[in-house]
Amino acid sequence: MLMTTCTPFRSTLLLALAVGCAATIGAVQQGHAAHTRTPARSSAFARMEASRGGAMPRAARKVIIAGAPASGKGTQCELIKSQLGLVHLSTGDMLRAAVQAGTKVGLAAKEYMDGGKLVPDEVIIDLVRERLAQPDCEANGWLLDGFPRTAVQAAALRAAQIEPDLVLYLNVPDSMLIERVVGRRLDPETGRIYHLTFDPPPSDVVPRMTHRSDDTAEKAQVRLSQFHEHLGAILAAYQSVTVEIDGTRGKQDVFASISRVLEGSAIAA
Ligand code: ADP
C-alpha cells in the first residue's frame with residue numbers, strides 16, 4: 001500500500017518534479033517499513049470494486065483510523081464523516097458514554113480509563129461487534145476510531161469477518177503529542193475539539209469548555225506507551241490496506257491527504 005506523507009525531503013523532490021505536495025503520494029516510509037508495500041492499487045480496493053461490479057465510486061466505506069492520543073483522529077473523523085457520510089464510532093466516546101450512564105460496561109471500564117490504561121479486550125470487543133452490525137453501519141459504512149487497539153481486538157474483528165477497506169495511520173511524533181493532549185479542550189455542546197494555544201476557542205465557548213480527566217501529561221504518557229506497545233500488531237494485521245498519513249501538518253492539509261486516499265485517487269495506478 002502506498003504511503004502518504006509530506007516530509008520536507010519528499011516535498012522538495014516533488015516540487016522538483018513540478019508536482020507539488022498535493023501529489024505527495026509515494027512509497028515513503030518513516031519507520032514502519034516492514035508494514036508497507038507499494039502495489040499500484042490495494043487488493044482491498046480491487047476487491048471492493050469487483051464486488052460492486054465496477055459500477056460504484058471507489059470510495060472506502062469501511063475505514064479504521066489509528067493514531068496515538070491527540071494525533072488528530074477525532075478532528076479528522078469529523079471531516080471524513082461529513083465527506084463520506086460514514087458512521088463514526090469512537091470507542092473512547094462509547095466507553096465514556098457507558099461510564100456516564102453507569103452501565104455494566106461503564107463500570108468495568110472506568111478504573112482503566114481513569115488510569116489512562118486500555119480497558120480489557122473482552123469489555124470492548126462485544127460492544128464494537130454489536131455496534132457494527134447495526135443497520136446504519138451496514139447501510140452507510142463505518143469509520144472506526146480507536147479500535148482495534150490490540151492484536152486480540154484485531155483478531156476478533158477478523159474472526160467476525162469484519163474487514164476494513166482501508167486503515168489510516170495518523171503518524172505524529174511523541175514530542176508533539178503531550179503538548180497537544182494537555183492543551184486539548186472540548187465544547188460539550190457541539191462536540192468540537194479546541195486547543196488552548198493552537199486552535200483557541202471563541203470567547204463564548206470558553207466558559208463551557210471541558211478538559212478530559214485523562215488529558216494530563218502523566219496519563220498521556222501511560223496512554224502513549226500503551227499505544228506504542230500495540231501499534232506494531234495493528235499495522236501487521238492490516239499491512240495490505242494501511243496508509244500512513246503525516247499528522248504533524250495543519251488539519252486541512254492532513255484532511256486533503258486523507259481525502260485523496262479515501263476517494264481512491266491516491267492509490268490509483
Ligand atoms: P485516546 O486519545 O487516548 O486514544 P480515546 O478517547 O480513544 O482516547 O480513549 C480513551 C480511553 O478509552 C483509553 O485510554 C482506553 O482506556 C479506552 N479505550 C478506548 N478504546 C479502547 C480500545 N479499543 N481498547 C481498550 N481500551 C480502549
Side-chain angles (χ1 to χ4, degrees), residues 63-78 80-81 88-101 103-132 142-160 162 164 167-174 176-188 191-195 210-235 237-238 247 251 254:
V63 180
I64 289 172
I65 186 161
S71 57
K73 298 189 300 290
T75 302
Q76 294 303 321
C77 283
E78 284 306 309
I80 295 168
K81 195 169 68 171
H88 175 207
L89 301 178
S90 153
T91 46
D93 288 349
M94 288 160 81
L95 288 167
R96 277 185 288 278
V99 170
Q100 199 151 21
T103 64
K104 204 173 140 200
V105 165
L107 292 175
K110 186 173 185 331
E111 143 194 6
Y112 296 94
M113 296 178 76
D114 284 346
K117 300 206 173 111
L118 292 181
V119 307
D121 291 324
E122 60 272 19
V123 173
I124 184 78
I125 285 172
D126 284 346
L127 198 67
V128 172
R129 260 196 315 232
E130 281 163 25
R131 187 62 190 86
L132 289 177
W142 42 260
L143 174 59
L144 201 43
D145 162 8
F147 190 96
R149 269 185 216 205
T150 64
V152 172
Q153 294 176 11
L157 280 188
R158 188 146 288 159
I162 299 168
V167 175
L168 297 166
Y169 166 44
L170 220 45
N171 192 3
V172 178
D174 287 6
M176 287 180 81
L177 291 168
I178 300 290
E179 197 182 9
R180 283 194 187 181
V181 166
V182 174
R184 185 159 68 173
R185 296 292 183 278
L186 171 76
D187 175 0
R192 165 97 152 74
I193 295 164
Y194 294 93
H195 189 283
T210 59
H211 186 200
R212 260 171 60 173
S213 62
D214 57 352
D215 272 353
T216 62
E218 190 194 349
K219 286 176 188 170
Q221 285 292 1
V222 178
R223 287 155 63 202
L224 259 182
S225 64
Q226 301 239 308
F227 170 74
H228 286 299
E229 188 184 329
H230 296 284
L231 176 64
I234 301 308
L235 296 179
Y238 296 114
K251 69 178 176 188
V254 172

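Keep in mind it's a predicted model, so treat the numbers as computed, not measured. Counting starts at 1 for both ligands and their atoms, following the listed order.
- Residue Asp93 has no nitrogen or oxygen atom sitting less than 3.5 Å from a nitrogen or oxygen atom of ligand 1, judged on distance alone.
- Side chains of Pro164 and Val63 form no contact here, defined as non-hydrogen atoms less than 4.5 Å apart.
- Val254 has its side chain within reach of Gln76: a pair of non-hydrogen atoms, C-beta onward, lies under 4.5 Å apart.
- Between Asp114 and Lys110 there is a salt bridge, since at least one side-chain N of the basic residue sits less than 4.0 Å from a carboxylate O of the acidic one.
- Under a 4.0 Å criterion applied to the non-hydrogen atoms of Gly92, ligand 1 contributes the atoms 5 (P), 6 (O), 7 (O), 9 (O), 19 (C).
- The protein heavy-atom contact nearest to atom 17 (C) of ligand 1 is Leu95 CD1, 3.6 Å.
- Heavy-atom contacts of Gln153 reach the following atoms of ligand 1: 22 (C), 23 (N), 24 (N), 25 (C) (cutoff under 4.0 Å).
- The atoms of ligand 1 that sit less than 4.0 Å from any heavy atom of Arg96 are 6 (O), 10 (C).
- The shortest distance between side-chain heavy atoms of Arg185 and His211 falls below 4.5 Å.
- Shortest contact from atom 7 (O) of ligand 1 to any protein heavy atom: Arg149 NH2, 2.5 Å.
- Looking at ligand 1, you won't find any N or O of Leu118 less than 3.5 Å from one of its N or O atoms.
- Less than 4.0 angstrom separates some heavy atom of Phe147 from each of these atoms of ligand 1: 23 (N).
- Residue, atom and distance of the protein heavy atom nearest to atom 26 (N) of ligand 1 are Val119 N, 3.0 Å.
- Residues Leu118 and Tyr112 share a closest heavy-atom pair of O-CD2, 3.6 Å.
- By the 4.0 Å N-to-carboxylate-O rule, Arg192 lies too far from Asp187 to be salt-bridged with it.
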